[in-house]
Amino acid sequence: MALVPYEEGGGWAARQLHSPSATFHFASRTIHLQQDWRRLGVAAVVWDAAVVLCAYLEMEGIDLRDRSVIELGAGTGLLGIVVTLLGSKEPAGVRALYSTCCARVTITDRVAALEFLESNVQANLPPELRPRAVVKELTWGKDLDNFPPGAFDFVLGADIVYLEETFAELLQTLEHLCSERTVILLSCRIRYERDLKFLKMLRERFSVSEVHYDSSKDVHIYKAQRGSRKDDF
């Protein structure tokens with residue numbers, strides 16, 4: 001799951017996390033998400049890293065049309081929903097007949113979060129886009145044969161780097177999902193020394209660069225690719 005330690009303190013931030021819902025505006029749509037702290041804890045609330053990565057994808061105008069995208073540790077589903085919406089948007093001047101070339105998005109988390117995740121995804125995608133977004137179980141390092149190796153153009157994760165005992169399984173999963181062309185985008189807040197340890201481990205297997213930093217939320221976005229590739233989006 002998209003689990004992070006709960007250390008945000010009290011006040012406004014805590015009220016937002018414990019709120020039963022959260023609202024965002026991306027891809028010219030209003031997104032209403034249910035949150036369920038009491039039942040699912042930190043996996044069922046929206047964290048800043050997801051918001052920052054959504055904003056980055058939209059502001060940078062990264063072309064997701066006709067791309068295969070997978071999100072790891074999706075939690076509430078915000079990022080996967082936004083990617084599906086952005087992957088259906090046509091640039092100005094492009095004829096509507098190309099609108100079928102939408103992103104193919106796989107939104108994953110552990111089994112305990114799937115029903116909650118699916119409900120948010122279904123509630124926030126128009127009917128014509130729902131077939132383009134598949135919610136699927138993925139526990140890192142397990143049953144990876146359920147996912148075709150190297151089949152994804154983008155692998156995305158928001159606030160999934162925090163628990164040291166999962167680092168090896170996360171890296172194994174990334175290596176399975178990625179080909180030479182795959183772009184990994186990981187959005188995270190560096191909370192602990194162990195977070196930096198993961199980045200070091202990632203750099204031993206991928207070419208890694210920081211592509212964005214949101215100082216207002218203290219969130220970094222890292223891009224990784226196999227070998228020495230540093231392709232543009």
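The first residue of the sequence shown is numbered 1, and numbering continues consecutively from there.
- At a threshold of 4.5 Å between non-hydrogen side-chain atoms, the residues L57 and V82 do not count as touching.
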Worksheet entry | Check against side-chain contact (heavy atoms from CB on, under 4.5 Å), R205 and E175 | CA-CA 8 Å; R205 307 187 191 193; E175 289 192 301; 2.9 Å; yes
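- Separating the CZ atom in R104 from the CG atom in L64 is a distance of 11.5 Å, to the nearest 0.5 Å.
- In this structure a side-chain-to-backbone donor-acceptor pair under 3.5 Å is missing from R226 to F206.
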Discussion item. Quick one, R110 with E137, criterion salt bridge (charged side-chain N to carboxylate O under 4.0 Å, His left out). Give me CA distance, side-chain angles, the key distance, then yes/no.
Written reply: CA-CA 5 Å; R110 294 170 64 183; E137 177 188 358; over 6 Å; no
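- Without hydrogens or angle criteria, S19 side chain to S21 main chain gives a donor-acceptor distance under 3.5 Å.
- Note that CG of L163 is 12.0 Å distant from CZ of F198, once rounded to the nearest 0.5 Å.
- In terms of heavy-atom proximity, L202 sits nearest to A224 at CD2-CB, 4.2 Å.
- Using a 4.5 Å heavy-atom threshold, the side chains of L117 and T76 count as separate.
- For the pair M201/L171, a side-chain contact is recorded, criterion being any heavy-atom separation below 4.5 Å from C-beta on.
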Discussion item. The test is side-chain contact (heavy atoms from CB on, under 4.5 Å); show your working for V105 and V134 and say whether it passes.
Written reply: CA-CA 6 Å; V105 185; V134 176; over 6 Å; no
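- For the atom pair CG (L185) and NE2 (H212), the distance works out to 11.5 Å, reported to the nearest 0.5 Å.
- We find the CZ-CD1 distance between F24 and I31 to be 8.5 Å, quoted to the nearest 0.5 Å.
- Other residues, nucleotides and ligands contribute over 12 non-hydrogen atoms within 6.0 Å of the CD atom of E204.
- No donor-acceptor pair under 3.5 Å is formed between the side chain of D218 and the backbone N or O of R189.
- Considering all non-hydrogen atoms of both residues, C188 and D159 come closest at CA-OD1, 4.3 Å.
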Item to complete: I would like to know whether F167 and V161 meet side-chain contact (heavy atoms from CB on, under 4.5 Å); could you show each step before the answer?
Response: CA-CA 8 Å; F167 288 175; V161 176; 4.1 Å; yes
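- S187 contributes no side-chain N or O that, together with a main-chain N or O of A158, makes up a donor-acceptor pair within less than 3.5 Å.
- Within a 6.0 Å sphere centred on CD of E210, other residues, nucleotides and ligands contribute more than 12 heavy atoms.
- Put simply, the side chain of V211 does not reach to within 4.5 Å of the side chain of H220, judged on heavy atoms.
- Side-chain contact between E118 and D109 is absent, with no heavy atoms from C-beta onward closer than 4.5 Å.
- The heavy-atom pair separating F152 from T182 by the smallest distance is O-OG1, 2.6 Å.
- Taking 4.5 Å as the limit, every side-chain heavy atom of L174 sits out of range of all side-chain heavy atoms of W140.
- The main-chain N or O of I184 is never found under 3.5 Å from a side-chain atom of Q225 such that the two would form a donor-acceptor pair.
- Here the OH atom belonging to Y222 is positioned 9.5 Å from the OH atom belonging to Y213, to the nearest 0.5 angstrom.
- Here the straight-line distance linking atom CD of Q35 with atom CG of N120 works out to 8.5 Å at 0.5 Å rounding.
- Put simply, the side chain of H176 gets close to the backbone of L144: a donor and an acceptor are under 3.5 Å apart.
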Fill in: Full working for side-chain contact (heavy atoms from CB on, under 4.5 Å) between I70 and L156
CA-CA 6 Å; I70 186 167; L156 307 179; over 6 Å; no
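- Here the side chain of R67 pairs no donor or acceptor atom with the backbone of G87 at under 3.5 angstrom.
- Side-chain polar atoms of Y56 and D214 form no donor-acceptor pair below 3.5 angstrom.
- Note that K136 lies in the cation-pi zone of F147, set by a 6.0 Å cut-off to the ring centre and a 45° limit from the axis.
- A 4.5 Å side-chain heavy-atom check between L85 and L129 finds at least one atom pair inside the cut-off.
- Taking 4.5 Å as the limit, some side-chain heavy atom of L33 sits within range of a side-chain heavy atom of I81.
- Between D63 and F154, the shortest heavy-atom contact is O-CE1, 4.4 Å.
- Side-chain atoms of D66 do not come within 3.5 Å of backbone N or O of C101 as any donor-acceptor pair.
- Put simply, the side chain of N124 never gets that close to the backbone of V121: no donor and acceptor are under 3.5 Å apart.
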